[in-house]
Amino acid sequence: MFYHVKDLQFNARVSKPDPRFARIMLEAFGGANGELKSAMQYFVQAFSCRNPYPDKYDMLMDIATEELGHLEIVGATIQMLLGPVGGEMKDAVEITPLNAMMNGKAVKEDFIHQAYTNPFFLVAAPGSPSLTDSNGNPWCATYVSACADLTVDLRSNMAGESRAKIGYENLLHFTDDPLVRETLMFLMTREVTHYQQFEAALETIQPNFPPGALQTSPKYSNLYFNLSQGEDVRGPWNEGPSTQLKEDWQYIENPLKEVRDTNGLIEREPKGTDRTEEEMRQMDKKLSKEHSAEVLSSVPDNNMCWCNYMNQKKK
């Protein structure tokens, strides 16, 4: 059950109308990394972890709801930035916006340019935020990532929060309104907050690498193929121990010779690792049973219900 409180989480303010920045800010409203995408992603992800991870369900629903609040903040800011545009467009007698064309060639060209880059914003929904990005592309559910493996979803969320943070960082370059900048700074900061919350939640799930239950083959898990010509560059991604499995990276200087000598890597023996194929198969069975039991044990055989209102009433 959702209950809307008409107070914004952050007091969004605008010094003066700025329709052009309002159009740019649509990225945070209906863009691929905007607030609606985040809200829907965490909302959808929460369902599959409701029983096996009730604590993570609570976290995801809380953050999803906060993202809806952020969507309202962005929408309110856009509405204020649009200023009188909506009222002028409602006047069906006067062609007020077109009168701008009479004020000089530069103004006329600027108006045409804005209409060309996002005609939807000026024609289909003047004076109101629309569920599009800044170029008028409609919001799409394919932006939402949810695969029902919580370790994967949490990593996806961390990446999404990172992209959203950069989005607000870039938006700050396009406005000098100090009040709008305060709102953008708040929203940008909350992206970093959510990143840390998802990261902390991921660490409470052990083991969480590799994602899923099946392990990786020690024959191929620590290979780095030198597949570009020119100066060879070395770093912790191709030398020393790997970050998670702690295997020594095997730098394949000549990939073509390697695959030919090993019958397409099939006959290659593991190097630089203590893991074996047999240990991998045993871990596959162990984790598969554990993951399956974890989900099945939390699902009742019959008479399923999402909420227990009687227990809540007693409290």
Side-chain angles (χ1 to χ4, degrees), residues 27 31-34 37-38 41 45 133 135 137 140-170 173 191-192 194-196 198-203 205-288 291:
E27 283 296 325
N33 298 303
K37 175 262 185 179
S38 297
Q41 179 158 306
Q45 289 174 355
D133 62 17
N135 288 321
N137 299 308
C140 183
T142 56
Y143 297 156
V144 173
S145 174
C147 73
D149 185 314
L150 188 55
T151 65
V152 177
D153 284 343
L154 289 173
R155 288 186 171 95
S156 177
N157 296 350
M158 291 162 63
E161 294 290 338
S162 299
R163 288 190 294 269
K165 190 267 184 184
I166 294 300
Y168 283 120
E169 189 171 316
N170 292 334
H173 292 297
E191 307 297 347
V192 175
H194 294 163
Y195 177 101
Q196 295 176 95
F198 291 134
E199 184 180 35
L202 178 63
E203 288 304 309
I205 304 173
Q206 296 294 336
N208 64 35
F209 187 89
L214 298 181
Q215 300 301 292
T216 57
S217 172
K219 294 169 63 175
Y220 321 119
S221 56
N222 61 342
L223 304 184
Y224 182 92
F225 295 96
N226 179 32
L227 293 169
S228 57
Q229 293 184 345
E231 181 183 359
D232 294 342
V233 179
R234 308 300 295 271
W237 54 88
N238 61 22
E239 64 180 356
S242 59
T243 58
Q244 296 288 339
L245 297 176
K246 305 303 179 184
E247 300 172 323
D248 292 332
W249 288 112
Q250 303 298 297
Y251 190 83
I252 310 301
E253 178 68 41
N254 190 332
L256 182 59
K257 182 178 185 301
E258 180 72 18
V259 298
R260 286 175 173 173
D261 291 346
T262 60
N263 190 22
L265 300 179
I266 293 175
E267 298 171 3
R268 192 181 195 283
E269 294 297 325
K271 296 179 181 179
T273 177
D274 295 329
R275 296 193 306 131
T276 67
E277 294 283 339
E278 178 59 30
E279 290 174 345
M280 179 193 74
R281 286 187 287 270
Q282 291 177 1
M283 187 63 72
D284 286 346
K285 294 179 181 179
K286 178 178 180 294
L287 288 180
S288 293
H291 287 198

Handout entry: Any side-chain heavy-atom pair of Leu223 and Glu258 under 4.5 Å
Key =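 Side-chain contact under 4.5 Å: no.
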
Exercise for the section: Taking the side chain as every heavy atom from C-beta outward, state whether Thr276 and Pro218 have any pair of such atoms under 4.5 Å apart. Expected result: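 No, their side chains stay 4.5 Å or more apart.
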
Exercise for the section: Among Asn222, Thr273, Thr216, find the residue that satisfies the side-chain hydrogen bond (donor to acceptor under 3.5 Å, both in side chains) test when tested with Glu247. Expected result: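 The side-chain hydrogen bond (donor to acceptor under 3.5 Å, both in side chains) with Glu247 is passed solely by Thr273 among Asn222, Thr273, Thr216.
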
Calculate, to the nearest 0.5 Å, the distance between atoms [atom1] and [atom2] belonging to [X] and [Y] respectively.
| X | Y | atom1 | atom2 | result |
| --- | --- | --- | --- | --- |
| Ser145 | Asp153 | OG | CG | 6.0 Å |
| Glu277 | Glu269 | CD | CD | 9.0 Å |
| Gln196 | Met158 | CD | CE | 10.0 Å |
| Lys219 | Met280 | NZ | CE | 9.0 Å |
| Asp261 | Leu256 | CG | CG | 9.0 Å |
| His173 | Tyr168 | NE2 | OH | 15.5 Å |

Can you name the nearest heavy-atom pair linking [X] to [Y], along with the distance?
| X | Y | answer |
| --- | --- | --- |
| Pro207 | Leu287 | CG-CD2, 4.1 Å |
| Trp237 | Trp249 | O-CE2, 3.5 Å |
| Val144 | Lys37 | CG2-O, 4.2 Å |
| Asp133 | Gly31 | CB-CA, 3.9 Å |
| Pro255 | Phe225 | CB-CD2, 3.9 Å |
| Asp149 | Pro211 | OD2-C, 4.2 Å |

Would you say the side-chain atoms of [X] pair up with the backbone N or O of [Y], donor to acceptor, closer than 3.5 Å?
| X | Y | result |
| --- | --- | --- |
| Ser242 | Lys246 | yes |
| Gln250 | Asp248 | yes |
| Gln215 | Ala213 | yes |
| Asn226 | Ile252 | no |

Handout entry: Verdict with reasoning, Glu169 to Lys165, per salt bridge (Lys or Arg N to Asp or Glu O under 4.0 Å)
Key = CA-CA 6 Å; Glu169 189 171 316; Lys165 190 267 184 184; 2.5 Å; yes

Problem - Worked verdict on Leu202 versus Thr151 for side-chain contact (heavy atoms from CB on, under 4.5 Å) - result: CA-CA 6 Å; Leu202 178 63; Thr151 65; 3.9 Å; yes

Handout entry: side-chain contact (heavy atoms from CB on, under 4.5 Å) evaluation trace for Asn170 with Glu27
Key = CA-CA 11 Å; Asn170 292 334; Glu27 283 296 325; over 6 Å; no

Practice task
Please assess Leu154 against Asn208 for the test side-chain contact (heavy atoms from CB on, under 4.5 Å), listing each intermediate value before the final yes or no.
Solution key: CA-CA 11 Å; Leu154 289 173; Asn208 64 35; over 6 Å; no

Handout entry: Between Asn157 and Gln45, a side-chain donor and acceptor under 3.5 Å
Key =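 There is such a pair (donor and acceptor under 3.5 Å, judged by atom type) between the side chains of Asn157 and Gln45.
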
Practice task
Show your reasoning for whether side-chain contact (heavy atoms from CB on, under 4.5 Å) applies to Gln282 and Lys286.
Solution key: CA-CA 6 Å; Gln282 291 177 1; Lys286 178 178 180 294; over 6 Å; no

Handout entry: Crowding at CG, Asp232 (>12 non-hydrogen neighbours, <6.0 Å)
Key =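 Yes.
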
